[in-house]
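Contents: one structure, followed by commentary.
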Amino acid sequence: MTAKKKPKVYITRKLPDAVETRMRELFDAELNIDDAPRSVPELVAAVRTADVLVPTVTDRIDAALIDAAGPQMKLIASFSNGTDHIDVEAAARKGITVTNTPNVLTEDTADMTMALILAVPRRLGEGARVLTDKPGEWAGWSPTWMLGRRIHGKRIGIVGMGRIGTAVARRAKSFGLSIHYHNRKRVNPGVEDELEATYWESLDQMLARVDIVSVNCPSTPATFHLISARRLALLQPTAYLVNTARGDVVDESALIKSLREGKIAGAGLDVFENEPAVNPKLVKLANEGKVVLLPHMSSATIEGRIDMGDKVIINIRTFIDGHRPPNRVLPGR
């Protein structure tokens, strides 16, 4: 009896060792040991021969790439929570199933969101640089030096009250923040009662009334530049904005203008509109202490990445065994 042939799986980026080892055990897996982003020609060559593609959010899996796939290519098992980097409709037309890795990054992302909510008003980045950039020049404690803003008792407005937004709300409530949120629909009444949350059907009305805005909605055509120049103008001059969702939800140029003109007090960003490129104007604002910048690391925990890898493996194995994978993404979802 001949052994069943292992499916050929092409992995676009370096994954945790434990995940890659299991991939090699189960599949004919081609790894990316040096972690260099794959070029379009490399991806085209991969989809022409592989049975399964495992991309990440840094890979653009558009209609042209999907159309170039060979007939053996039947699954795109993305190592990501979001799927905005994949043309899911083009995949469906080609008969290719798409899966993702939801619900494993919620707590990690919420932790980092809360860290930025603390870091920006309390000037943590500036304080740390005092000790590292000019060692020995700190003169010691002073009653009026490095004053920030208290967050206890302030209002937070959460844009997108899904799993991550709700996890952020729970953390924020424990810090004494009053919870306000805008979502396509109201959350479960039990959750609303637990968080003592105020629902705003109008995003504009909420933005005008809160002290901190946390962006936690997905990137979709409907949320592109949801936080626009007009909406930024609604914020109070003492307000802060934190974005750990996707860069294109916020009009970055308008945000820079608002920060430079003092229309809002500050921002904390883990995502950028044109990443990995970061607007030099944002870097300048960071050096001036008006913004805290992080390199898209809110989900970067060892535990989270291994959990993501486990979901990818389960999706592939389930699909190969002829069943519907648990994390299938349908067009329009």
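All residue numbers refer to positions in the sequence shown, counting from 1.
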In terms of side-chain heavy atoms, does [X] have a donor or acceptor partner in [Y] at a distance below 3.5 Å?
X    : Y    : result
T244 : T109 : no
N216 : S214 : yes
T301 : D108 : yes

Would you confirm whether T101, through its side chain, and F79, through its main-chain N or O, come within 3.5 Å as a donor-acceptor pair?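 No, the answer is negative, given that no donor and acceptor are paired below the 3.5 Å cut-off.
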
Could you pull out all residues at least two apart from [X] that satisfy salt bridge (charged side-chain N to carboxylate O under 4.0 Å, His left out)?
X   : value
D67 : none
D28 : none
K6  : none

Ion pair D204/R230, N-O distance below 4.0 Å: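 So D204 pairs with R230 through a salt bridge.
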
Is it true that R60 and D62 make a salt bridge, defined as a side-chain N closer than 4.0 Å to a carboxylate O?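 Answer for the salt bridge query: yes.
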
Please list, chain by chain and in numerical order, all residues satisfying ring-ring contact (aromatic ring centres under 6.0 Å, His included) with Y181, sequence neighbours excluded.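 Result, ring-ring contact (aromatic ring centres under 6.0 Å, His included) vs Y181: Y199.
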
Selection residues 136-148 - residue pairs positive for side-chain hydrogen bond (donor to acceptor under 3.5 Å, both in side chains), sequence neighbours left out: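 Sorted result for residues 136-148: empty, none.
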
Selection residues 323-332 - residue pairs positive for side-chain hydrogen bond (donor to acceptor under 3.5 Å, both in side chains), sequence neighbours left out: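 Those involving residues 323-332 are N315-N327.
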
